[in-house]
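Letters A, B, ... mirror the listed sequences (proteins, then strands); counts begin at 1. What's counted below: heavy atoms across the whole structure, side chains too, no hydrogens, waters or symmetry copies. Here the structure is a predicted model, which is why all the values come from computation and not from measurement.
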There are 2 protein chains.
Amino acid sequence: MAEQIEFDQAHQTLHEITQALENGRFVHVRRQLQDMEPEDIAILLEASPRKAREVLWQLTDPEDYGEILDELSEDIKDALVSKMAPEKLAEATEGMDTDDVAYVLRSLPNTLSKEVLAQMDAPDRLRVETALSYPEDSAGGLMNTDVTTIRSDVIIDVVLRYLRMKGDLPDVTDSLYVIDEHSKLIGHLPLTVLLTSQPDVLVSDVMDDADDAISVDTTDSDVASLFERRNWVSAPVVDHSYTLVGRITIDDVVDVIREDAEHSMMSMAGMDDDEDTFAPVIKSARKRSVWLGANVLAALAAASVSNMFEDTLQAMASIAVLMTIVPSMGGVAGNQTVALVIRGLALGHIGESNKKELLYKEAAIGLLNGILWAVLIGVIVMIWKDNLTLGAILSAAMLTNLFVAGIAGVLIPVLMKKINIDPALAGGMALTTVTDVVGLFAFLGLATFFIA
Amino acid sequence: MAEQIEFDQAHQTLHEITQALENGRFVHVRRQLQDMEPEDIAILLEASPRKAREVLWQLTDPEDYGEILDELSEDIKDALVSKMAPEKLAEATEGMDTDDVAYVLRSLPNTLSKEVLAQMDAPDRLRVETALSYPEDSAGGLMNTDVTTIRSDVIIDVVLRYLRMKGDLPDVTDSLYVIDEHSKLIGHLPLTVLLTSQPDVLVSDVMDDADDAISVDTTDSDVASLFERRNWVSAPVVDHSYTLVGRITIDDVVDVIREDAEHSMMSMAGMDDDEDTFAPVIKSARKRSVWLGANVLAALAAASVSNMFEDTLQAMASIAVLMTIVPSMGGVAGNQTVALVIRGLALGHIGESNKKELLYKEAAIGLLNGILWAVLIGVIVMIWKDNLTLGAILSAAMLTNLFVAGIAGVLIPVLMKKINIDPALAGGMALTTVTDVVGLFAFLGLATFFIA
């Protein structure tokens, strides 16, 4: 079973090729690359250290360049493309879908992308320029122009003969689009319907209507959500006058879904989702230090709170020992809520009508878990430090902080979304700052009042 | 443009329906639900507070139950299904795909699922029982049995006439499967090829070979990865003797991709990815407290490190004020690395052959950012606390901790993966424990040596 063993083999192949490269057996590697699918070469490149990557790229058949570039993540693609001559690049784009060519060109410096366009033949250039005229993250930027259209007043047999004459249909074609004399979309004919209808029936009698066309300026995330809910394989794209301008296919939508999901996961840790696993050290360090810089401010904010209570800390060192527990628990509890809310916002489950309900629910969970851990940790500390007051103070601060964490965990991402800040990116750090400050204030404040 | 305004309307609809429910206008709501697509009703249910959900479910046309259940997340589905009679459930399964029925039945108590099976007619029951015999997260659990098969020794025209006689093809059919007399898969005929071939050509002359069949015990994540890389719309599933047993379609694969991605994001925050946004408070609180309990241990570990240096803290309160900065920065930097490694492991970019390279790279980034922030924060603290030694100590501890964070950020998820612990779930907390302990040790240890 070819596919079954493939996964165990992938890293075996990588290992072999890496060794062959180290031993300078370039002819061997070139032959191995020729036997591989472009998508697998893409994975090999992603998994290779940078130096090996460049050698592998040189050894790859330029005919595969287009399809491979398509599959690579942005940073790696940029690095490889930046070293190619415009003619080579133009050549590589020949086997690619329009939207994918546009995607590659967008990442090039302006002068280089113009040169590449100049090297392409006229119809291809026009198609790519059209795609480039739409925002990258819109239906227009995602669509292909390779639509197959038919008229509604012909019979099925005519359509069948037309397709046979055409001799070839674009990949992932599951429907033919039905347009009127002004190129306006009036319906679509699924291939399954075409194949199961009688030859003498009119297209207009069996076609589906054009209700579910996507507008050219729908955002790519909304397009993805539509495909997911409707189980579409492809969908027509229309402009504001309902003229058919292209179609979007599920393979490009899957990339959007994957990227959106990766974006949430990576940004919550303060990472760029384009980051190459084997990026140059200096580049990565610079990118990541922005986020560390934000955290320095958060950490200094927490330190200035403790600083206000320096006398209390001086009076009793046990307070210093215990003061990290409450902020830590608040941060973890609050980030649970933040993750839930970020997912809910992304899936469209949270909006004006239900956010109050959510706030009450998370506050109640905060209170409940607050009581549980306040009691448990309070007792542990009372025994450990043999100090009833200290345990009680820690309990009270814990309860307060987990309650605040639940509320802040809902409010912070919802408010950020409202003022167009990405909650996946900034939500976690803002939350942690709040729970650090509140946790320290509560614990050290109470300690100052009752102990110091 | 129907789809364009749909997103703005979704919450408008939710708001209206919630109000209509509150006013007891049930007939109105029932009528509105009848006009909605099952997938949109599913989103409405997900976004509704629990009480409203049950009323909405009662008002929904039972004919839509199957398709709606299909789209709901596990916890919500379980809650709704647990209140339905077996006959009703059996009825609801009639409109569903085999794999989806199996998916619903799996989540039911054993006795209930047997009752539902008993209510189904024989061929359906057999299909579902077959699906249930495969693990849920395997190709067998993901596949449908609605394959359309043809023989290789007939001409295209015969196939076309056969399909017209059949009158109907399953959703998301993009290929017919070609089998021999023993039901073994020997190839597949894409509909696009069928439509563009001459009527008198033999199937065997135009079909694609059967190389890319999926084995029935491939894991669902591997299936998803194959679909993504090969841009498939559907793929045949075969058993160990290459007998065709079903097919997997992209719509089910998209669900796997979404779930895998959500799993990483939610587990990194210590959340169950099945968690309903409006789950009952007690249930949520209990689920989340497990994670908080793990964090208590981590926080107490950090506190016991500080406890060892109680004398130092007693000697100088400024040390207590500053001691949270180094662990905080280490945690953030280390979690950046952990996120990168978790993604790399999930995408198959990291393995035996390149993990050393990755370790060196992340250690180098840790060192570089360690130097940057050591110098900056060292200077800030020197000025703030007017204490050269304290600043120098903080710098040294910061450098150590960020370097350790880079190394631990690679080692922890890679080792967890090796011993089959989910790194997305446990990686972040393990990392934070390491950076807390190392950060506190480094800072308080140096302070004890040089100051106290």
Side-chain angles (χ1 to χ4, degrees), chain A residues 1-2 4 7 11 14-15 18 39 46-47 49 163 167 169 173 191-192 195-196 211 214-215 222 229 231 233 250-251 261 264-266 269-271 277 281 284-285 288-289 295 299 302-303 306-307 310 313-314 317 320-321 324-325 328 332 335-336 339 344 349 351 353 357 364-365 368-369, chain B residues 1-4 7 11 14-15 18 39 46-47 49 163 167 169 173 191-192 195-196 211 215 222 229 231 233 250-251 261 264-266 269-271 277 281 284-285 288-289 295 299 302-303 306-307 310 313-314 317 320-321 324-325 328 332 335-336 339 344 349 351 353 357 364-365 368-369:
Chain A
M1 229 127 297
Q4 192 184 359
F7 282 95
H11 275 282
L14 175 58
H15 187 69
T18 313
E39 308 89 35
E46 296 254 6
L163 292 180
L169 279 170
T173 296
L191 298 191
T192 51
L195 283 165
T196 50
D211 272 4
I214 291 174
S215 162
D222 285 352
R229 281 151 54 203
N231 294 340
V233 169
I250 184 75
D251 50 320
S264 294
M265 180 209 146
M266 294 291 273
M271 292 287 280
T277 310
V281 170
S284 287
R288 293 191 206 173
S289 65
N295 190 59
S306 328
N307 198 48
E310 197 161 356
L313 292 166
Q314 196 69 64
V321 167
T324 51
I325 297 175
S328 159
V332 168
N335 273 313
Q336 290 182 322
H349 295 167
S353 56
E357 173 92 17
I365 294 174
L368 221 62
N369 270 331
Chain B
M1 228 128 292
E3 302 299 355
Q4 193 182 0
F7 283 95
H11 277 282
L14 175 58
H15 187 68
T18 314
E39 309 89 39
E46 296 255 4
L163 294 180
L169 279 169
T173 296
L191 298 191
T192 52
L195 283 165
T196 51
D211 272 4
S215 163
D222 285 352
R229 281 151 54 203
N231 294 339
V233 169
I250 184 74
D251 50 321
S264 295
M265 181 209 144
M266 294 291 273
M271 291 287 279
T277 310
V281 170
S284 287
R288 292 191 206 173
S289 66
N295 189 60
S306 328
N307 197 48
E310 197 162 354
L313 292 167
Q314 196 70 64
V321 168
T324 51
I325 298 175
S328 159
V332 168
N335 273 313
Q336 291 182 322
H349 295 167
S353 57
E357 174 92 17
I365 293 174
L368 219 62
N369 271 331

**Fill in**
On a heavy-atom basis, the closest approach of B/Asn335 and A/Ala269 is O-CB, 3.6 Å
**Fill in**
Most contact-rich option vs chain B, by heavy-atom pairs under 4.5 angstrom, among A/Ser264, A/Ser289, A/Ala339, A/Ala299, is A/Ser289
**Prompt:** For chain A, which of B/Val321, B/Leu163, B/Asp251 has the most heavy-atom pairs under 4.5 Å?
**Reply:** B/Val321
**Complete:** Counting heavy-atom pairs under 4.5 Å with chain B, the top scorer among A/Gln336, A/Glu46, A/Met265 is A/Gln336
**Prompt:** Is it the side chain or the backbone of B/Val233 that comes within 4.5 Å of chain A heavy atoms, both, or neither?
**Reply:** side chain
**Message:** I'd like to verify something: which residue of B/Gly167, B/Ala302, B/Ser284 has the highest number of heavy-atom pairs under 4.5 Å with chain A?
**Reply:** B/Gly167
**Asked** In chain order, what residues pass the salt bridge (charged side-chain N to carboxylate O under 4.0 Å, His left out) check against B/Glu39, with sequence neighbours excluded?
**Response** A/Arg230
**Heavy-atom donor-acceptor pair, A/Asn369 side chain to B/Ala285 backbone, under 3.5 Å** = yes
**Message:** Taking side chain to side chain contact (heavy atoms under 4.5 Å, CB included) as the definition, give me every residue that meets it alongside B/Thr192, ordered by chain and number, with sequence neighbours left out.
**Reply:** A/Leu169, A/Thr173, A/Leu191, B/Pro190
**Complete:** Per-residue tally against chain A (heavy atom, under 4.5 Å) across B/Glu357, B/Met271, B/Arg288 peaks at B/Arg288
**Complete:** Answer key: most heavy-atom pairs under 4.5 Å with chain B among A/Pro49, A/Gly344, A/Ala261, A/Ala364 is A/Pro49
**Engaged part of A/Leu368 at the chain B interface, taking heavy atoms whose separation is under 4.5 Å** = side chain
**Item:** Heavy-atom proximity to chain B below 4.5 Å, by part of A/Ile250
**Value:** side chain
**Polar side-chain atom of A/Gln314 near backbone of B/Ala317 as donor-acceptor pair, under 3.5 Å** = yes
**Request:** Measure the spacing between CG of B/Leu313 and CG of A/Leu313 and express it to the nearest 0.5 Å.
**Result:** 8.5 Å
**Asked** Between B/Thr277 and chain A, which part of the residue has a heavy atom less than 4.5 Å away: side chain, backbone, both or neither?
**Response** both
**Item:** Pick from A/Val332, A/Asn231, A/Leu195 with the largest number of heavy-atom pairs that fall under 4.5 Å of chain B
**Value:** A/Leu195
**Request:** Let me know if B/Ile325 has heavy atoms under 4.5 Å from chain A in its side chain, its backbone, both or neither.
**Result:** both
